[in-house]
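So the structure is just underneath, and the comments pick up after that.
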Amino acid sequence: MITKKILSFALALTLFVVSINGQDDEPTSVRPIVKIVKGKKLCDKGWECKGLSKYCCNDTISDYFQTYNFEKIFANRNSPVAHAVGFWDYHSFITAAAVYQPRGFGTTGGKLMGQKEVAAFLGHVGSKTSCGYGVATGGTFAWGLCYNKEMSPDKTYCDEYYKYTYPCTPGVSYHGRGALPLYWNYNYGEIGDALKVDLLNHPEYLENNATLAFQAAIWRWMTPVKKHQPSAHDVLMRVPSETREATESTRNEVVESPSHEEDEYELLS
């Protein structure tokens, strides 16, 4: 869930980003391909918002959140006390986000709403990967992306209930890894199935690939944990419960552009 503390930090991040980039709508950096399909305006902006989608007609994340913003927000992630030096970077984040921007991540609503969502997401990530414990300069959130894995797990997080669907691999630990740390064999198994990556036998891939780690986190952000339960994205956008199914259908309504292959990445957690 999104706690009040995280939302407060997200608001601060939003104000920080807005103060640098401004709130006025500006022309986007990429001229979109625009098509009218069944009376709906759909756009394609190339690598960052690929496949015809209504969300690609809006500002994309790189229009308002660039490398220097990421560096300022997570300025301490490569400090001597950090445990994932050199792992996290803007390129990995924006590459992962590109998979979900055609589905509304950071592209729902206007520019300010996009800034709010990215700030809220990064605030959540920062809280889960911080090595600042209140007494650190700048507080907890100033030390986000300090970790990419749990350092001293006290168990292997193997649930035998799933031994027929996602059996635990001998000698493998399913402790927390990633931008929004993933736990348990069944979660690694589901993600592996969706990505066609053998995470059940090799969960360490999430601590070796920052783009994959961000993809998993954004999918979790966009997807309800349970049926009929809002995702963090839905809560932030205040999507009414009766329209969530329709919203999810629309979110996934990405029409393949004749000049691009549709990205088929999808994560389960």
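On a predicted model such as this, the values are computed, not experimentally measured, just so you know.
Residues Val34 and Cys43 meet the side-chain proximity criterion, which asks for heavy atoms closer than 4.5 Å. Side-chain contact check for Glu117 versus Trp221: some heavy-atom pair is nearer than 4.5 Å.
Listed by chain and residue number, Asp89 satisfy the side-chain hydrogen bond (donor to acceptor under 3.5 Å, both in side chains) test with Ser92 (two or more places apart in sequence, or in another chain).
The only member of Tyr183, Tyr186, Tyr162, Tyr166 that meets ring pair (Phe, Tyr, Trp, His ring centres under 6.0 Å) when paired with Tyr157 is Tyr183.
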Exercise for the section: With side-chain contact (heavy atoms from CB on, under 4.5 Å) as the test, would you mind laying out the steps for Gln101 and Glu48 before giving the verdict? Expected result: CA-CA 7 Å; Gln101 291 189 65; Glu48 191 179 3; 3.0 Å; yes
Exercise for the section: Start with the C-alpha distance between Cys168 and Cys158, add both sets of side-chain angles, then the distance that settles disulfide bond (SG atoms under 2.5 Å apart), and finish with yes or no. Expected result: CA-CA 6 Å; Cys168 299; Cys158 172; 1.9 Å; yes
Problem - side-chain contact (heavy atoms from CB on, under 4.5 Å) assessment of Leu122 paired with Phe65 - result: CA-CA 12 Å; Leu122 292 178; Phe65 186 76; 3.5 Å; yes
Practice task
Go through Tyr55 and Arg103 one step at a time and tell me if the side-chain contact (heavy atoms from CB on, under 4.5 Å) criterion holds.
Solution key: CA-CA 7 Å; Tyr55 298 108; Arg103 293 164 172 78; 5.5 Å; no
Practice task
For side-chain contact (heavy atoms from CB on, under 4.5 Å), just list the numbers for Lys50 and Lys45, CA-CA rounded to whole Å, side-chain angles, deciding distance to a tenth of an Å, and then say yes or no.
Solution key: CA-CA 6 Å; Lys50 182 172 64 176; Lys45 287 188 176 179; over 6 Å; no
Handout entry: Derivation of the ring-ring contact (aromatic ring centres under 6.0 Å, His included) call for Trp88 and Phe214
Key = CA-CA 9 Å; Trp88 304 105; Phe214 272 126; 4.9 Å; yes
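To the nearest 0.5 Å, atom CG of residue Leu206 and atom CD of residue Gln215 are 10.0 Å apart. With rounding to the nearest 0.5 Å, the separation of NZ in Lys111 from OG1 in Thr60 is 11.0 Å. One finds the CZ atom of Arg177 at 12.0 Å from the CG atom of Leu212 (value rounded to the nearest 0.5 Å). How far NE2 of His233 is from CZ of Arg220: 14.0 Å, rounded to the nearest 0.5 Å. Here the straight-line distance linking atom CG of Asp59 with atom CG of Leu112 works out to 11.0 Å at 0.5 Å rounding.
Using cut-offs of 30° and 60° on the angle between ring planes, the pair Phe93 and Phe105 is perpendicular.
The backbone N or O of Leu145 sits less than 3.5 Å from a side-chain atom of Thr129, completing a donor-acceptor pair. Checking side-chain atoms of Asn69 against main-chain N and O of Gln66 turns up a donor-acceptor pair under 3.5 Å. Judged purely by atom type and a 3.5 angstrom limit, Asn58 has no side-chain atom pairing as donor or acceptor with the backbone of Thr108. Within the 3.5 Å criterion, the main-chain N or O of Ser173 finds no donor-acceptor partner in the side chain of Thr156.
Side chains of Ser79 and Asn76: no donor on one and acceptor on the other come within 3.5 Å.
Taken together, Cys131 and Cys146 meet the criterion of an SG-SG distance shorter than 2.5 Å.
Linking ILVMFWY side-chain heavy atoms closer than 4.5 Å, directly or via other members, places Val125 and Val85 in two distinct hydrophobic clusters.
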List the atom pairs, with distances to 0.1 Å, where a side-chain N or O of residues 196-204 and a protein N or O form a donor-acceptor pair under 3.5 Å, not counting sequence neighbours.
unit_1: Asp198; atom_1: OD1; unit_2: Asn201; atom_2: N; d: 3.3
unit_1: Asp198; atom_1: OD1; unit_2: Asn201; atom_2: ND2; d: 3.2
unit_1: Asp198; atom_1: OD2; unit_2: Asn201; atom_2: ND2; d: 2.9
unit_1: Asn201; atom_1: OD1; unit_2: Thr169; atom_2: OG1; d: 2.5
unit_1: His202; atom_1: ND1; unit_2: Glu204; atom_2: OE2; d: 3.0

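The heavy-atom pair separating Tyr188 from Leu182 by the smallest distance is OH-O, 3.1 Å.
Checked for salt-bridge contact, Glu150 and Lys155 miss the test: no charged N lies under 4.0 Å from a carboxylate O.
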